[in-house]
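Remarks on the structure that follows.
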2 protein chains.
Amino acid sequence: MSKHSGALKELRAKGCRLTPQRLLILEAIAEGSAHMGVDEVFRRARESYPYLDVATVYRTLRLFRELGVVTEVGIADRLHFELTDPAARHHHMVCKVCGSAFDLSPYYLEQFRETLSREFGFEPDLGNFTVTGTCVRCGSRKELRGPIGN
Amino acid sequence: MSKHSGALKELRAKGCRLTPQRLLILEAIAEGSAHMGVDEVFRRARESYPYLDVATVYRTLRLFRELGVVTEVGIADRLHFELTDPAARHHHMVCKVCGSAFDLSPYYLEQFRETLSREFGFEPDLGNFTVTGTCVRCGSRKELRGPIGN
DNA sequence: GACGCAACTGCAATCATTTGCAACTTATTC
DNA sequence: GAATAAGTTGCAAATGATTGCAGTTGCGTC
């Protein structure tokens, strides 16, 4: 409950309602593994309420993201979410070869953010920031196969 | 033709074939506006060859992106592409409020890239890098409406 | 604790993107 | 220039995600 109270306050502040569906989805994310796919959230939440529809899950997750309650991580072109933990805020590096997601401390982005803000007045949405690329393991494996290898 | 010759060489090097469809799609992007949506590429290319299928456009664009021939820009959760110009390489800032895309010089990301590479061995795929956020105009408009405004 | 309204949900339809497969083409080899 | 092997295409079906709408429900007000 303690983890949710903040989220509920956010809902109220925006004039949103507290529905059983939203509570279920919130719980599913809070109790599930890190970086949950939409269908995993859906399956978990539906266990307690079989009438739940995927559309509601998508809508709710988007709402939660806008409220800052959950963080979106784009893994392999699909939506994944995790509970936002203000005490351990972090970004993500996703390997486009193996699909693994690594946490990245905001420390490494602070300077970048400041530059964009100062130079262009552009305020980056780093709350849901993800860099794709190649992780150490996949990078070294590729080298072994030569420059054209796939 | 001069702009394409590089792309054609890339195709050959990877053992890919040169088909009329691919040429059409390449031309459509080269002649079209910046940051073209998939359907715009499709419509343009189909003008010269009505049998062209969307699936082919998607497949070809993905191939071109992997070859570095085109650059992907994610605007409002949809795929957009532009011809990669090695002489004027740049990244993108996309405003999540108004959907505008702004060019960003690689200069601002060089340090970030180096840090990720050195600290984590993670090689970011900055060729197709996009930051979302709020641009100057939308940022200031929001302030006028107060903190809860939408 | 009933009323009213805007927010929310479920359903079905729709859009954006990807994939499996059989038929067809490109480019290579002889 | 015919035979061949591998890459490509179009079509149709599947998947992931969004949206319109009519009915339902949370919640502030009396």
Side-chain angles (χ1 to χ4, degrees), chain A residues 4 7-26 28 35-43 45-46 48-67 69-70 72-81 96 99 128 148 150, chain B residues 7-26 28 35-43 45-46 48-67 69-70 72-81 96 99 128 132 148 150:
Chain A
H4 303 167
L8 306 186
K9 229 179 274 178
E10 289 284 340
L11 279 175
R12 287 300 199 73
K14 281 260 182 179
C16 299
R17 291 195 192 149
L18 186 58
T19 66
Q21 289 91 335
R22 289 180 176 172
L23 273 178
L24 282 174
I25 291 168
L26 191 56
H35 317 132
M36 287 173 85
V38 174
D39 56 329
E40 198 180 342
V41 177
F42 179 49
R43 254 184 288 119
R46 195 171 46 171
S48 318
Y49 177 60
Y51 289 112
L52 186 67
D53 195 87
V54 218
T56 302
V57 176
Y58 277 103
R59 280 188 281 230
T60 304
L61 287 174
R62 210 199 317 181
L63 173 69
F64 282 174
R65 184 194 48 174
E66 272 152 26
L67 294 177
V69 173
V70 302
E72 184 182 315
V73 189
I75 299 179
D77 292 331
R78 253 164 246 171
L79 299 179
H80 288 242
F81 295 87
K96 64 185 174 183
N128 298 294
I148 300 197
N150 191 21
Chain B
L8 306 185
K9 228 179 274 177
E10 288 283 341
L11 279 176
R12 287 302 200 72
K14 280 262 182 178
C16 298
R17 291 198 190 145
L18 187 57
T19 66
Q21 289 91 334
R22 288 181 178 170
L23 274 178
L24 282 174
I25 292 168
L26 191 56
H35 316 135
M36 289 173 83
V38 174
D39 57 328
E40 197 179 344
V41 177
F42 179 48
R43 254 183 287 118
R46 197 171 44 173
S48 319
Y49 177 59
Y51 289 111
L52 185 67
D53 195 87
V54 217
T56 302
V57 176
Y58 276 102
R59 278 189 283 232
T60 303
L61 287 175
R62 206 196 322 177
L63 173 69
F64 282 173
R65 185 193 48 175
E66 271 152 27
L67 294 177
V69 172
V70 302
E72 185 183 313
V73 190
I75 300 180
D77 292 332
R78 249 161 250 173
L79 299 179
H80 288 242
F81 295 87
K96 64 185 173 182
N128 298 295
T132 59
I148 299 197
N150 191 23

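The figures that follow rest on heavy atoms only: side chains count, while hydrogens, waters and symmetry mates do not. Order of the sequence lines fixes the chain letters, A, B, ..., with proteins taken first and strands second; residue numbering starts at 1 for each chain.
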- Rounded to the nearest Å, what distance is computed from the CZ atom of residue Arg12(A) to the P atom of nucleotide dG26(D)? 13 Å

- Are the side chains of Val38(A) and Phe81(A) in touch, meaning some heavy atoms are under 4.5 Å apart? yes

- Give one of base, sugar-phosphate or nothing for Pro50(B), where a contact means two heavy atoms less than 4.0 Å apart. nothing

- Query: Using a heavy-atom distance cut-off of less than 4.0 Å, which residues of residues 59-67 of chain A contact DNA chain C?
  - Reply: Arg59(A)

- Query: When the distance from CG of Leu52(A) to C1' of dC8(C) is rounded to whole Å, what number comes out?
  - Reply: 12 Å

- Query: Can you find a side chain N or O atom of Thr19(A) that sits less than 4.0 Å from OP1 or OP2 on dT25(D)?
  - Reply: no

- Task: Give a yes/no answer on whether the side chain of Gln21(A) brings an N or O atom under 4.0 Å of OP1 or OP2 in dT25(D).
- Result: no

- Message: Please compare Arg78(A) and Arg78(B) by the position of their nearest nucleotide in DNA chain C and report the one closer to 5'.
- Response: Arg78(B)

- Message: I need the CG-P distance between Asp53(B) and dT19(C), as an integer number of Å.
- Response: 15 Å

- Phe42(A) CZ to dC11(C) C1': how many Å, rounded? 12 Å

- Item | Minimum-distance nucleotide (side-chain atoms of Val38(B) versus dG10(D), dT17(C), dT26(C)) | dT17(C)

Under 3.5 Å donor-acceptor pairs involving side-chain atoms of residues 55-63 of chain B, not counting sequence neighbours:
unit_1, atom_1, unit_2, atom_2, d
Thr60(B), OG1, Thr56(B), O, 2.7

- Shortest non-hydrogen contact between Leu11(B) and Arg17(B), atoms and distance: CD1-O, 4.1 Å

- Message: Rounding to 10°, can you tell me the angle the first-five-pair axis of the helix from dG1(C)-dC30(D) to dC30(C)-dG1(D) makes with its last-five-pair axis?
- Response: 30°

- Task: Determine the minimum heavy-atom distance between Ala28(A) and Val41(A), stating which atoms define it.
- Result: CB-O, 4.0 Å

- Query: Are any of Thr56(B)'s side-chain N or O atoms less than 4.0 Å away from OP1 or OP2 of dT9(D)?
  - Reply: no

- With sequence neighbours excluded, residues passing side-chain hydrogen bond (donor to acceptor under 3.5 Å, both in side chains) with Gln21(B): none

- OP1 or OP2 of dG10(C) sitting under 4.0 Å from any side-chain N/O of Tyr51(A)? no

- Query: What nucleic acid atoms does Tyr49(B) come within less than 4.0 Å of, heavy atoms only: base, sugar-phosphate, or nothing?
  - Reply: sugar-phosphate

- Rounded distance (Å) that lies between atom C1' of dG16(D) and atom CZ of Arg43(A): 14 Å

- Task: Would you mind reporting whether Leu24(B) and Leu52(B) have side-chain heavy atoms less than 4.5 Å apart?
- Result: no

- Item | N or O in side chain of Tyr58(A) less than 4.0 angstrom from dA17(D) OP1/OP2 | yes

- Task: Could you state the atom-to-atom distance from CD1 of Ile75(A) to C1' of dG16(D) in whole Å?
- Result: 15 Å

- Query: Of Pro20(B) and Ala55(B), whose closest DNA chain C nucleotide lies nearer the 5' terminus?
  - Reply: Ala55(B)

- Query: What is the distance from NE2 of His80(B) to C1' of dT17(C), rounded to the nearest Å?
  - Reply: 13 Å

- Does Asp39(B) have any salt bridge (Lys or Arg N to Asp or Glu O under 4.0 Å) partners at least two apart in sequence or in another chain, and if so, which? Arg43(B)

- Message: Can you list everything that forms a salt bridge (Lys or Arg N to Asp or Glu O under 4.0 Å) with Arg22(B)? Sequence neighbours excluded, please.
- Response: none

- Note on the structure: For Gly99(A) and Ile75(A) the tightest heavy-atom approach is O-CG2, 3.4 Å

- On a heavy-atom basis, the closest approach of Val54(B) and Phe42(B) is N-CE1, 3.6 Å

- Query: Atom CZ of Arg17(B) to atom C1' of dT25(C): distance rounded to whole Å?
  - Reply: 6 Å

